[in-house]
Each structure stands twice: as C-alpha cells, then as structure tokens.
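Okay, so here's the structure we're looking at.
Because the structure is a prediction, the values reported are computed rather than measured. Just so you know, these numbers use all the heavy atoms, side chains as well, and skip hydrogens, waters and symmetry mates.
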Amino acid sequence: MPDDEGHPERAEIELGTVLSALADPLRRRVVRELAAGPDGEERTCSSFALPVGKATVTHHFRTLREAGLIRQVNRGNSRMATLRRADIERRFPGLLALLTAEDTQDA
C-alpha cells in the first residue's frame, strides 16, 4: 500500500506502471538526469527546467512518484526528488542502464 505521499513499497512497484511513466520523454529525461547524478542526490523539480507549465511539472512528478521511480520529500517551500535507485535495480535489474544508454545514443 502506498504511503501518505503516494510512494509505493518496493514490492508494489509494477513493470507496467513504470513503463507507462517512462513512455513520456520528459519523465524519462528526469529519471536519466537523476540516474546520472550521485546516489541519493536530491533535486528540486524546477532544477530540471522542463519546458512545460507548473501544473504539468506537478503531474509528471506525481506520475513518477506513484510509479515508484522517485521519492519526493518536502524541504521548506520546495519538494525534493530522489531516484529510488536501489528499489528500481532490485525490481528491474538493468532498467536504469537502458535509460542512461538511451541518452548517449540520442546525442
């Protein structure tokens, strides 16, 4: 059962939901950027400079959170996002490597 913030437990993270969340290129970009950073790095949603309005940014991060790809925590007046690297690797080994490889192939 997801916690009060909508984060599913590791065992509840489902492949279909993850793939659906990653179908959007902006959400893939967020996950790739987090995967490229150090483990446990926290970033504000605005630090990704997504080319969409605030409501759409909120939607994208909620989708990633509810899929189990990120964890969000409140820090004062901002929300910080971290990649759930260990949970993703345990549930779907190699998925993050595929996403980061996609980034290098697109360049």
Side-chain angles (χ1 to χ4, degrees):
M1 175 151 214
D3 66 13
D4 293 340
E5 296 292 321
H7 302 104
E9 295 293 325
R10 180 190 309 153
E12 297 173 324
I13 300 173
E14 297 178 355
L15 182 60
T17 306
V18 167
L19 293 177
S20 179
L22 293 172
D24 184 277
L26 292 178
R27 292 193 289 260
R28 275 198 315 277
R29 178 174 130 189
V30 168
V31 172
R32 278 196 312 262
E33 286 186 30
L34 287 170
D39 193 23
E41 176 183 38
E42 290 186 344
R43 288 183 55 184
T44 63
C45 298
S46 61
S47 73
F48 294 93
L50 299 180
V52 293
K54 187 175 180 179
T56 304
V57 169
T58 299
H59 166 74
H60 284 314
F61 278 86
R62 181 178 58 244
T63 300
L64 291 170
R65 182 181 68 244
E66 290 175 352
L69 291 162
I70 64 169
R71 182 167 301 281
Q72 286 186 293
V73 294
N74 290 324
R75 298 272 190 255
N77 13 342
S78 62
R79 291 195 87 172
M80 304 298 284
T82 58
L83 182 65
R84 292 180 64 177
R85 190 181 310 265
D87 291 338
I88 297 165
E89 282 300 324
R90 181 155 264 200
R91 292 285 291 148
F92 312 110
L95 178 63
L96 294 176
L98 287 171
L99 289 172
T100 56
E102 176 190 37
D103 190 35
T104 58
Q105 291 173 356
D106 290 344

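- Heavy-atom minimum distance, Ala21 versus Ala67: CB-CB, 3.8 Å.
- Side-chain contact between Ser20 and Thr63 is absent, with no heavy atoms from C-beta onward closer than 4.5 Å.
- Put simply, OG1 on Thr82 and CG on Asp39 are 9.0 Å apart, with the number rounded to the nearest 0.5 Å.
- The shortest side-chain heavy-atom distance between His59 and Val52 does not fall under the 4.5 Å cut-off.
- Closest non-hydrogen pair, Arg85 versus Gly37, comes out as NH2-O, 3.1 Å.
- Taking CG of Asp24 as the start and CG of Leu64 as the end, the distance is 8.5 Å to the nearest 0.5 Å.
- Under the ring-ring contact (aromatic ring centres under 6.0 Å, His included) criterion, no residue pair touches residues 74-102, with sequence neighbours excluded.
- Annotation: the span from Gln72 atom CD to Arg65 atom CZ amounts to 5.0 Å, rounded to 0.5 Å.
- Grouping the Ile, Leu, Val, Met, Phe, Trp and Tyr side chains by contacts below 4.5 angstrom, directly or via other members, places Ile70 apart from Met80.
- Atom-to-atom distance recorded for Thr17:OG1 and Leu22:CG is 11.0 Å, nearest 0.5 angstrom.
- In this structure, Phe61 and Arg79 have side chains that are not in contact, with every pair of non-hydrogen atoms separated by 4.5 Å or more.
- Note that CD1 of Ile88 is 5.0 Å distant from CG of Leu96, once rounded to the nearest 0.5 Å.
- Around CD of Glu89, the count of heavy atoms belonging to other residues, nucleotides or ligands within 6.0 Å exceeds 12.
- Sorted by first and then second residue, the side-chain hydrogen bond (donor to acceptor under 3.5 Å, both in side chains) pairs with a member in residues 46-57 read Arg43-Ser47, Thr44-Ser46; sequence neighbours excluded.
- Separation of atoms CZ (Arg62) and CZ (Arg27) is listed at 10.0 Å; rounding is to 0.5 Å.
- By the 4.5 Å heavy-atom criterion applied to side chains, Val30 and His60 are not counted as neighbours.
- Contacts of Arg91 classified as side chain to side chain contact (heavy atoms under 4.5 Å, CB included), with partners at least two apart in sequence or in another chain: Arg10, Ile13.
- Note on Leu83 and Val73: separate hydrophobic clusters, where clusters join Ile, Leu, Val, Met, Phe, Trp and Tyr whose side-chain heavy atoms are under 4.5 Å apart, directly or indirectly.
- In terms of heavy atoms, Pro51 sits closest to Leu26 at CD-CD2, 3.9 Å.
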